[in-house]
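Below: one structure, written as structure tokens.
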Amino acid sequence: MKSQSRSVAVALIGNPKCGKTTIFNRLAKSASGAVNRPSAGAGQRKLQIIHLGWTISLIELPGVYSLSSQSPEELECRNFLQNEPIDIVLNVLDSCNLDRGLFLTTQLIEMGRPRIYAMNMIDKAQAKGIKLDAASLATMLDGRVVETAATSGEGVASLLDAIIKAAGSLNDYKSMIIRYDGHLEEAIQRVQWMIKEFHPGVLSQAQARWLGIKLLEGDHEIIGKEGDHQRLVEMSRQERGDLARNHGDDCETMFVNARYGFIHGLLEEARVMPVDSRQTFSMTRRIDKIMLHRIVGIPIFFILMWVMFETTFTVGQYPMNWIYALAGWVAERVGASLPGGLFRSMVVDGVIAGVGGTIVFLPNVIILFMFMALFSETGYLFRAAFLLDRLMHAFGLHGKAFIPLVMGFGCNVPAIMACRTIENQRARLIAILIIPFMSCTARLPVFILFAGAFFTRFAGAMVFAIYMLSIASSMAAAVFLSRFVVQGGKESFVMELPPYRKPTARVVLFHMWENAVGFLRKVGGVILIGSIIIWFLQAFPSDIEYSMDYESGIAKLASDGNDEAAGKLKRQRAKEKAEKSYLGKIGLNVAPLFKPLGFSWKDTIAILTGFGSKEVVVASYAVLYAEDLKAAGQKAGLQNAIAGNMKPLSAFAFMAFVLLYCPCLSTIAVIRRETGTWKWAVFSIGFSLAFAWLIAFGIIMAGGLFP
Amino acid sequence: MDKPVKSSEGDTRSKAHPQARSLADLAHGERGVVDKIEGDAVFRRKLSALGVVKGIEIMLDHTAPMGDPRAYFLLGYNLSLRNEDARKILLRTE
């Protein structure tokens, strides 16, 4: 029926790290026609490509090992495949790891949608001496089999052809059935028969069978859905009990064993393994002998982290200075070409100062994302999770939470979404709530600005210290939450350590590019608007009643030749003007809250403006100090301008406060979405504000003890 | 260097099942065959999706700095498990 419109919907599914994403990206490259990227839902990526007259909608589902209702991701995949109008399921498999990967496939077969198989990483399998018989795999798995090596692009074109061929013959598609042994099969038939009674004419043969199998497996979600059909639920429960009594194994285990039996038989026929299959994994295992070493493993981890932050700071410095010089040049040019007055002030002191002041940090952000991509692409992140699980466990966290936590260094929003890989609800909620304490790149500009201004020689070390504080805070928060706030049961830590992969330049660059664009988009959007608002609030009201007649005072001192006193008076006037502006009034009103921390009203303003998005903090400083910079008459930059503003101790407290206070708006929204209730989003705001204040205050107190 | 290390029988038995050895009792490089998986349905479901089923051969490969978790080698890949979970995976006694 779909073939008239010549469009086909394809869902990509596979184990984590099977190369699904690379295939997805490669398919777009191989298409002969246009490519659209419609906005995608949570955790899914969509792509529409035109190829040989067909419109192919690709949807990438999250990586899963199974389609039980175990984790939110598994449930999402299952519901998606069940409810959405998907024509073809593209199952991406790691050719080196079919024994496990095909377990998901058996479940896909049972769901009855037409399938295509991408035997990915075929180059690696061949290098290991694994031989696959694609033709017999295709017969036994009932779907076209294409051997691919996504990293080099090999086979991706044939994959597109296979999709189109399969799409052309959707009408006469009939799904295969995996038959189970005697008693199991009989029970399926009986349940299926009753399902037809309850769902007359609605379900296809394959769907009814799938439902029957799920009921016999005792799948909670499905039993819940069939809750109205009391007799069906009761009957399947009885069948389950009978089977377990007769076989000594519970029903679910019987299904699992049967599925693995099917896989085993299939691979016996279609795969030839090298003589010594144990040796082949050795490269990864050899690297892990060092990386996971009981003594040097943890030091290596810390060295890698330190290298990441040190490079981010020191290497980022050079392009940062160039951009800074460029921004200054633009400001000068624009300033000279525009007529004096409010408009020029808005453009130069507002827009250019704010946007330019933030954009200088783009190199740092890109470098940090490069490291994140490297750690994640090589598979090192999983090792870090392994090394730190015991420690994380002590803090009430799950080892798997480590990966989203590190992602949080990039951006909290995807990090919170990545928590879906944690099956246990309680562990997941704790992870979601502590991720806002992970220092995302939006906060990095603040740290670089402050570290450079107040701790010149130790700037890199200070940034590292802030990141350590970030980790320590999230751990402390985790302990607090797991003790007093979040209730729930125990979790287990079952995680694959995927083989090390050489990161491809393409993926790393893509990751950097994507995040650079995201950063620039923010600069062009929220930061631009924020800068203008702040400029406006500090420029108005323009008719300030001064406490004294500065004009005549300055004129008199200047005519006396007392330039120093005149300059002092000028600065005093600027100070009073700033304090009597709208912004100054707001700041002075809120400032008492931050007085114990040693923050001025300008710092208070910067904090307030950062509520929506933390990059705005630096933009605020840039706008707030635009006047001072001019008054000082130096080109030394923002760092010098703020350096005299507070004590180093307060500066560190300020960095800590900005690190910890209040998740940004997007993060709050994603907490709401992922926890399913506003309760936790609101909790997160209050909790982090209180936490930030206390930590900053603690720093001031501790610093006071050791003057 | 990955030759199975013969551990002396009897001293490393799981407490809950004095007669059966569990995955947690494996020495480095030693192989065992899974016989039975205990624990709740959620745990067993998770393991089955990763290929840990009856009859599978598993070898202890790496141990984390504090002795826990450990990484086991099976079906050509490495799986990490906490010791308390590894204790629920009983091995076949030859």
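Proteins get letters first, then strands, A, B, ... in listed order; numbering begins at 1 in each. What you see below is based on every heavy atom in this structure, not just the backbone, and it leaves out hydrogens, waters and symmetry mates.
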Closest-packed option against chain B by number of heavy-atom pairs under 4.5 Å, given A/Asp99, A/Asp288, A/Asn15, A/Asp249: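 The candidate making the most pairs under 4.5 Å is A/Asp288.
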
Between [atom1] on residue [X] and [atom2] on residue [Y], distance to nearest 0.5 Å:
{"X": "B/Phe73", "Y": "A/Thr284", "atom1": "CZ", "atom2": "OG1", "answer": "9.5 Å"}
{"X": "A/Leu391", "Y": "B/Asp68", "atom1": "CG", "atom2": "CG", "answer": "12.0 Å"}
{"X": "A/Ser68", "Y": "B/Lys46", "atom1": "OG", "atom2": "NZ", "answer": "10.0 Å"}
{"X": "A/Leu388", "Y": "B/Met66", "atom1": "CG", "atom2": "CE", "answer": "7.5 Å"}
{"X": "B/Thr63", "Y": "A/Arg294", "atom1": "OG1", "atom2": "CZ", "answer": "5.5 Å"}

Taking the side chain as every heavy atom from C-beta outward, state whether [X] and [Y] have any pair of such atoms under 4.5 Å apart.
{"X": "B/Pro69", "Y": "A/Phe386", "result": "yes"}
{"X": "A/Val494", "Y": "B/Phe43", "result": "yes"}
{"X": "B/His62", "Y": "A/Arg383", "result": "no"}
{"X": "A/Asp389", "Y": "B/Arg82", "result": "yes"}
{"X": "B/Pro65", "Y": "A/Ile295", "result": "no"}
{"X": "B/Ser80", "Y": "A/Phe493", "result": "yes"}
{"X": "A/Met495", "Y": "B/Leu79", "result": "no"}

Proximal component of [X], with respect to chain A [non-hydrogen, under 4.5 Å]:
{"X": "B/Asp85", "answer": "side chain"}
{"X": "B/Leu47", "answer": "side chain"}
{"X": "B/Arg44", "answer": "side chain"}

Positions in residues 250-260 of chain A that reach chain B, provided some heavy atom is under 4.5 Å away: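 At a heavy-atom separation under 4.5 Å, chain B is reached by A/Asp250, A/Glu252, A/Thr253, A/Val256, A/Asn257, A/Tyr260.
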
Criterion side-chain contact (heavy atoms from CB on, under 4.5 Å) on A/Arg100 and B/Leu50, from CA distance to verdict: CA-CA 6 Å; A/Arg100 194 198 62 211; B/Leu50 285 156; 4.0 Å; yes

Set of residues satisfying ring-ring contact (aromatic ring centres under 6.0 Å, His included) with respect to A/His247, sequence neighbours excluded: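 For A/His247, the residues satisfying ring-ring contact (aromatic ring centres under 6.0 Å, His included) (neighbours in sequence not counted) are A/His183.
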
Atom CG of A/Asp181: over 12 foreign heavy atoms under 6.0 Å: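 Atom CG in A/Asp181 is not crowded, with 12 or fewer foreign heavy atoms closer than 6.0 Å.
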
